[in-house]
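Let me begin by presenting the structure, written as structure tokens, before commenting on it.
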Amino acid sequence: MKHKEAIGKRRTFGVIAHPDAGKTTLTEKLLLFGGAIQTAGAVKNNKIKKSATSDFMEIEKQRGISVATSVMAFEYRGKQINILDTPGHKDFAEDTYRTLTAVDSVILVVDCANGVEEQTERLMEVCRMRKTPVIIFINKMDRDGKDPFELLDELESKLNINVRPLAWPIGMGYNFQGVYSIYQNQLNLFQPDKTKIAKDVVSFTNVDDAQIDEIIGEEGANQLREDLELIDGVYEPFDREKYLAGDVAPVFFGSAVNNFGVKELLDSFIEISPAPRGRDTDKGFIEPEDDKFSGFVFKIHANLDPKHRDRIAFLRIVSGRFERNTFYNHVRNAKKMKFPNPTSFMAQDKNVIDEAFPGDVIGLYDSGNFKIGDTLTEKDNFSFKGIPSFSPEIFQELENLDPLKSKQLDKGIKQLMDEGVAQLFIQQPGNRKIVGTVGQLQFEVILYRLEHEYGAKCTFRPRNFHLATWITSDNEQQMQEFLKAKTTNVAVDKDGNRVFLAETPFLLQMAERDYPEIKFHRTSEFL
Ligand code: G4P
């Protein structure tokens, strides 16, 4: 296939949500429409179960299974859809943030009763930072939830984005009758059906059509007309350019488990969502149309079986055409590498592929050469920017319990950090290793893997830090004063950047006040 034609066909996106809003269910329904799976339940079974919080081996086992479904690709109405899965489990939030660097747009799922939740806000913050186009799907309309207009207001105020409804619910909860697609001027009627695809679609070109009264009753029809009029009065007409710029989020309503509103979402999605986009590098912007291949690694999945130490690096292709068995530059290592068995993740199977195009994600078998953020290119030596680190929330100091194994420990820690399991901050004096994570689970994972894969025994001692902020300043004198005054709270990250570890939000505020010429960054994106 020709490279440029391939770009136009692809749509690469992620489905994100606060846990339990219905991300897995919606993903599964999208796959059903695409024919990628035949029955409901196939994706669900791979989901990390909530009950597994205290049993990380079980989670890792499930994560192992879910490698195959990390990227789900299928064809729908002439487009190749690549859905990148993001772990819903809070402890893997960092994984999700990184995956967002590899997508071109997202669908954000919100529960109509819970509205905007904690993780919804954080995910949206990451999207806003990157100007990622967002579509919002308000789910569970078959349950009694908040009033749709109230929900729209909440989205705007809490998520700091303008919204524009492109579908509208008729009733809610027990009275939920269906979804009117504003974008396509179609009425879809509600028939709870958990596995198949809704067929009862009636099309209208005018909401005043008397047939609507016949179908949903006069009261419902009048309410719908009133609502639509209000929407037109309050919200600006949908402007695709604004959506693509990340300035307005179109909103859809439905019930994923009942397969309702999903088709409206998908049909509109393939029309409005962006084709693969370029990415910024240290030597300028790279467009997908650029003939030379380039891509970056955004995720590394390790095999926990010590007999098979291979890892899979997930590479997002940004430009050109990737070919099997062709030498490419591993820019950071200044080394040429070729890949005999690159895999695609079409549906549930992992297949060896011969070529791949911008927007695609491929798996490369790796024996430890890659780390997150690495760039692979055909000719030029440039590096993609922007796989940011986010401030962890839990900090513990690593203590070696077997001094004879410190080499193994250092090697193990380095590799785990390259995979993005956690972040390492080094504190002086004494070269103290502070490990920061978003969830408690990662500490168990680290201890287990250090012992079983690297033969190193260690323990963790809690440190009372609240947040890590990356610090920069144009005023080196003030920076030096700060570093001197806060010795016990400063450290360097894996790349040698200075970090301030604050015990409480108040102490961070004080530092910001006392040292006005120092910038305290919540992510490393600015670097
Ligand atoms: P997540 O990936 O975002 O964490 O959510 P998931 O899809 O697993 O959905 C969370 C729960 O919400 C599931 O119920 C699911 O069945 C339910 N759900 C999803 N969509 C809808 C919807 O449109 N309406 C209603 N009423 N419920 C919905 P569960 O009890 O946790 O699991 P299950 O055993 O029922 O599958």
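Numbering of ligands and ligand atoms starts at 1, following listing order.
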May I ask you to list the atoms of ligand 1 that are less than 4.0 angstrom from any heavy atom of [X]?
X	result
Pro19	4 (O)
Lys23	1 (P), 2 (O), 3 (O), 5 (O), 7 (O)
Ala256	23 (O)

Arg463 and Gln396: side-chain donor and acceptor closer than 3.5 Å?
no

If we ignore angles and hydrogens, is there a donor and acceptor under 3.5 Å between the side chains of Asn162 and Asp247?
no

Can you sort out the partners of Tyr235 under ring-ring contact (aromatic ring centres under 6.0 Å, His included), two or more places apart, ordered by chain and number?
none

With sequence neighbours excluded, what pairs up with Phe296 under the ring-ring contact (aromatic ring centres under 6.0 Å, His included) test?
Phe384

Check: Gly22 N/O within less than 3.5 Å of ligand 1 N/O:
yes

Side chain, backbone, both or neither: the part of [X] lying under 4.0 Å from ligand 1 by heavy atom:
X	result
Asn139	side chain
Val257	both
Arg143	side chain
Ser255	both

Would you say the rings of Phe252 and Phe137 are close, in the sense that their centroids are separated by under 6.0 Å?
no

Take Asp104 and Phe13 through the side-chain contact (heavy atoms from CB on, under 4.5 Å) test and state the conclusion after the steps.
CA-CA 6 Å; Asp104 299 303; Phe13 72 105; over 6 Å; no

So which of Thr27, Thr25, Asn258 gets nearest to atom 15 (C) of ligand 1, if we judge by its closest heavy atom?
Thr25

Can you tell me how the ring of Phe238 sits relative to the ring of Tyr183, calling it parallel under 30°, perpendicular over 60° and tilted otherwise?
perpendicular

